[in-house]
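This report concerns only the one structure given below.
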Amino acid sequence: MSESGQAIFDRRIESEQKVEPKDWMPADYRKNLIRQMSQHAHSEVIGMQPEGNWISRAPTLKRKMVLLAKVQDEGGHGLYLYSATETLNATRDEMNEALHSGKAKYASIFNYPALSWADVGAIGWLVDGAAIVNQISLQSTSYGPYSRAMIRICKEESFHQRQGYEMMIVLANGTKEQKAMAQDALNRIWWPSLMMFGPHDSDSAHSGRSMQWKIKRRTNDELRQSFVDQTVPQIEFLGLEMPDPEIKWNEERGHYDFGEIDWDEFKRVISGDGPCNRDRIRHHKKAHDDGQWVRDALVAYQTKKSAASAA
Ligand code: BYC
């Protein structure tokens, strides 16, 4: 008797083999992957907006070129992730519709404004830094196309993180005003960066199943702690004040302690009521509508080509 799809799937997960698009998979595994991967793709694309706003105001040509390349990379990450999600039979139209209707979320951090040039540095350093901590663990996610997208994305993201930190080094060692800008950016972006890892494990709706299926390899709280542990020495190196008075090395735990996130704010932002939620979606819808002529032209060209080859 041949083995059931479920048994083959279970064995694959158990033995760390990847699940590939044509393999049998439980319906809930597919659904959960579509949810997480499409939200990840949306985060990359919506994440282009806060930094994109600064391209025309970058202080030098070199900074402008670097920022332009970084924002373009984020668009590319979105495309890898949308393509990877399409292998699960989700269409781009469905994913877009879910984003525009508010059914699909995207990383809460992008609902905060980038108020100063120092925010661009802090986003690269902290937001890309937080993203990498998570994405390194997702390189070994059980779904093949997601894992392979993560390997490539991490390489680019680590360049983004370093360019952001280099900007912070320059500002923190610049004039009094520049140092104050760097401190202000750190103070504002710190907490939303910690929120990127999601609710506490005890409140996380999806972690249990996702860890079992090896979609997620480390829990929200584990990842958040790794991020804090790696970032505190970087704050010290910059000579900036800690953004949270409760940050303190805990000898017994071998980790830094830190204060409690404002979970009411987190819930407000993920349910659509953050400082920039409406603007972000309005802008995305407009860009999508403005690009309709490109999609129409592609279809018209394809139709013409097929008609010519049939003739
Ligand atoms: N923001 O059960 P939980 C980048 C939602 S972009 C918004 O713990 P899960 C970059 C969660 O979706 C890289 N929503 O969820 C780009 C769920 O709601 P639904 C972004 C959040 O999935 C441009 C509910 O809360 N990285 O690098 O097990 C410039 C319950 O949560 C958030 C990724 O997207 C949040 N922060 O764990 C610069 C990583 N947290 O879906 C940089 C991929 C939670 O039931 N995603 N929610 O309506 C993941 O790893 C996981 O989805 C999470 C959450 C760890 C985020």
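Atom set for the values below is all heavy atoms of this structure, side chains included, hydrogens, waters and symmetry mates excluded. Every number for a ligand or one of its atoms is a count from 1 in the order of the listing. Small disclaimer: the values here were computed from a predicted structure and weren't measured.
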Over 60° means perpendicular and under 30° means parallel, so classify the ring planes of W24 and F9, tilted if in between.
perpendicular
May I have the N/O to N/O pairs between ligand 1 and the protein that fall below 3.5 Å, each with atom names and distance to one decimal?
| from | atom 1 | to | atom 2 | distance (Å) |
| --- | --- | --- | --- | --- |
| ligand 1 | 1 (N) | S108 | N | 2.9 |
| ligand 1 | 1 (N) | S108 | OG | 3.3 |
| ligand 1 | 2 (O) | S204 | OG | 3.1 |
| ligand 1 | 2 (O) | A205 | N | 2.9 |
| ligand 1 | 2 (O) | H206 | N | 2.8 |
| ligand 1 | 8 (O) | S204 | OG | 2.7 |
| ligand 1 | 8 (O) | N220 | ND2 | 2.9 |
| ligand 1 | 12 (O) | Q39 | NE2 | 2.9 |
| ligand 1 | 18 (O) | K105 | NZ | 3.3 |
| ligand 1 | 22 (O) | R35 | NH1 | 3.1 |
| ligand 1 | 22 (O) | R35 | NH2 | 2.9 |
| ligand 1 | 27 (O) | E157 | OE2 | 3.4 |
| ligand 1 | 28 (O) | K216 | NZ | 2.7 |
| ligand 1 | 36 (N) | S108 | OG | 3.2 |
| ligand 1 | 36 (N) | M195 | O | 3.0 |
| ligand 1 | 36 (N) | M196 | O | 3.4 |
| ligand 1 | 37 (O) | K216 | NZ | 3.0 |
| ligand 1 | 41 (O) | R35 | NH1 | 2.9 |
| ligand 1 | 41 (O) | Q39 | OE1 | 3.3 |
| ligand 1 | 41 (O) | Q39 | NE2 | 3.3 |
| ligand 1 | 45 (O) | H206 | NE2 | 2.7 |
| ligand 1 | 48 (O) | K105 | NZ | 2.5 |
| ligand 1 | 50 (O) | N134 | ND2 | 2.9 |

Of K18, R12, R11, the residue whose pairing with D23 passes salt bridge (Lys or Arg N to Asp or Glu O under 4.0 Å)
R12
Suppose the criterion is ring pair (Phe, Tyr, Trp, His ring centres under 6.0 Å): which pairs have a residue in residues 193-212, not counting sequence neighbours?
F197-F227, H200-W263
Cut-off 3.5 Å, no hydrogens considered: what does the side-chain donor-acceptor table look like for residues 298-308, sequence neighbours left out?
| from | atom 1 | to | atom 2 | distance (Å) |
| --- | --- | --- | --- | --- |
| T303 | OG1 | V299 | O | 2.7 |
| S306 | OG | Q302 | O | 2.8 |

If you apply the rule ring pair (Phe, Tyr, Trp, His ring centres under 6.0 Å), what do you find for Y106 with H40, and how did you get there?
CA-CA 7 Å; Y106 54 86; H40 196 160; over 10 Å; no
Pairs of donor and acceptor atoms involving the side chains of residues 236-244, under 3.5 Å and at least two apart or interchain, shall be tabulated with distances.
| from | atom 1 | to | atom 2 | distance (Å) |
| --- | --- | --- | --- | --- |
| D244 | OD1 | E246 | N | 2.7 |
| D244 | OD2 | G259 | N | 2.6 |

